[in-house]
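Okay, structure first, notes after.
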Amino acid sequence: MKYWIKIGFLLTLGIVLNMTAFAQYDASATLSLGMGHGQTALSQDVMRNAFALKSNEVVNKASKAEYIYLGSADYSRFERQIFDGILAENKNADKVKLRGFLVDTRTRHHFFQRTRSYGLRDTYLSDILATGIAWNWEMYHQTAADKQKVVNLRNKIRNNMSKSSVTKQISNLSDEDKRKWILSFMYNNSILAYTIKKTGKLSALQKEQLIKTAQQAGVPDISAVSL
């Protein structure tokens, strides 16, 4: 478990950003930010059968293992790691524009607002995952997700997280590793949303990127999901 967290978080950002407009990045290379690497065992376990669970199954309470607190300092540190990772790949990158790009994606703001708009909380992994998947789905389908369906998705993810095998995996993560894992997922979504907004339309390339992002979160086919 520790191995994939360490390897997965090497910020293999092969992000090919247009440093003048920050409008696009290379779909095949990345923006993995740690969630990509072969669909990690954890994301697969969390999402396994999430869309197939019966609606009348008992919803398990969020466990201590999936509690997460993300303060402003956590976002700042993570953005710094992204910043340093990109500069390591491209020493000629415009630092001012890059820093401005990361600020403009407003990851913390968007997840805070969206999570609450769905009636969820941003202090549990299951709620954040459901929010990110719903946001990804909305970008892909260009329509708003049904609030109750997002809540149902959260409940199914939470049920999966309550399985002993998954709870054990999450419990074995340090708080820092857990933050890196979920922040990777959050920034994937917000950076994609920002680039789509800047281009003013959803291109075929961006739809492919949305599919890849969903797959990295353990959702095999975002186009087939109903929210």
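Because the structure is predicted, anything quoted here is derived from the model rather than measured.
Between the side chain of Q113 and the backbone N or O of H110 there is no donor-acceptor pair closer than 3.5 Å. With hydrogens and angles disregarded, no donor-acceptor distance shorter than 3.5 Å links the side chain of D84 to the backbone of Q81. For E66 (side chain) and S126 (main-chain N/O), a donor-acceptor pair under 3.5 Å exists by modelled atom type. At distances below 3.5 Å, not a single donor-acceptor pair connects side-chain atoms of K149 with backbone N or O atoms of A134. With N172 contributing its side chain and K168 its backbone, the two residues share a donor-acceptor pair below 3.5 Å. No donor-acceptor distance shorter than 3.5 angstrom exists from the side chain of W137 to the backbone of A145, with no hydrogens or angles considered. Under a 3.5 Å cut-off, the side chain of T167 and the backbone N or O of M161 do form a donor-acceptor pair.
Remark: R121 CZ is loosely packed, at most 12 non-hydrogen atoms of other residues, nucleotides or ligands lying under 6.0 Å away. Residue-environment remark: CZ (R116) exceeds the threshold of 12 foreign heavy atoms within 6.0 Å. Within 6.0 Å of NZ on K197 lie no more than 12 heavy atoms contributed by other residues, nucleotides or ligands.
In this structure, R154 is not positioned above the aromatic face of Y118 in the sense of NZ or CZ being under 6.0 Å from the six-membered ring centre and within 45° of the axis. For the pair R99 and F83, the cation-pi criterion (under 6.0 Å, within 45° of the ring axis) is fulfilled. In this structure, K207 satisfies the cation-pi test against Y140, with its NZ or CZ atom closer than 6.0 Å to the six-membered ring centre and inside 45 degrees of the ring normal.
Salt bridge status for D122 with R114: absent, with no side-chain N to carboxylate O gap under 4.0 Å.
Remark: M139 CE to W135 CH2 distance equals 6.0 Å, nearest 0.5 Å. Separating the CG atom in L70 from the NZ atom in K178 is a distance of 10.0 Å, to the nearest 0.5 Å. To the nearest 0.5 Å, the span separating CD1 on I182 from CG on D177 amounts to 13.0 Å. We find the CG-CD distance between L183 and E79 to be 9.5 Å, quoted to the nearest 0.5 Å. Atom NZ of residue K156 and atom CG of residue L129 lie 15.5 Å apart, to the nearest 0.5 angstrom. One finds the OG1 atom of T107 at 12.0 Å from the CZ atom of F185 (value rounded to the nearest 0.5 Å).
When each of L205, I211, L210 is checked for a side chain to side chain contact (heavy atoms under 4.5 Å, CB included) with E208, only L205 meets the rule.
One hydrophobic cluster holds both Y194 and L102 under the rule that ILVMFWY side chains link at heavy-atom gaps under 4.5 Å. Note on L173 and F78: same hydrophobic cluster, where clusters join Ile, Leu, Val, Met, Phe, Trp and Tyr whose side-chain heavy atoms are under 4.5 Å apart, directly or indirectly. A single hydrophobic cluster is not seen to contain both Y67 and F111; linkage of ILVMFWY side chains at heavy-atom distances under 4.5 Å, directly or through other members, places them apart. With hydrophobic clusters built from ILVMFWY side chains whose heavy atoms lie under 4.5 angstrom apart, W181 shares a cluster with V166. Using a 4.5 Å cut-off between side-chain heavy atoms of Ile, Leu, Val, Met, Phe, Trp and Tyr, with links allowed through other members, L202 and I191 fall into the same hydrophobic cluster.
Using a 4.5 Å heavy-atom threshold, the side chains of I128 and M186 count as touching. A 4.5 Å side-chain heavy-atom check between I196 and Q209 finds every atom pair outside the cut-off. Using a 4.5 Å heavy-atom cutoff, the side chains of T131 and V150 are not in contact. Between I157 and I133 the shortest side-chain heavy-atom distance falls below 4.5 Å.
Ring pair Y187/Y75 is tilted by interplanar angle, where 30° to 60° counts as tilted.
Closest approach of S162 and N60 over heavy atoms only: OG-ND2, 3.1 Å.
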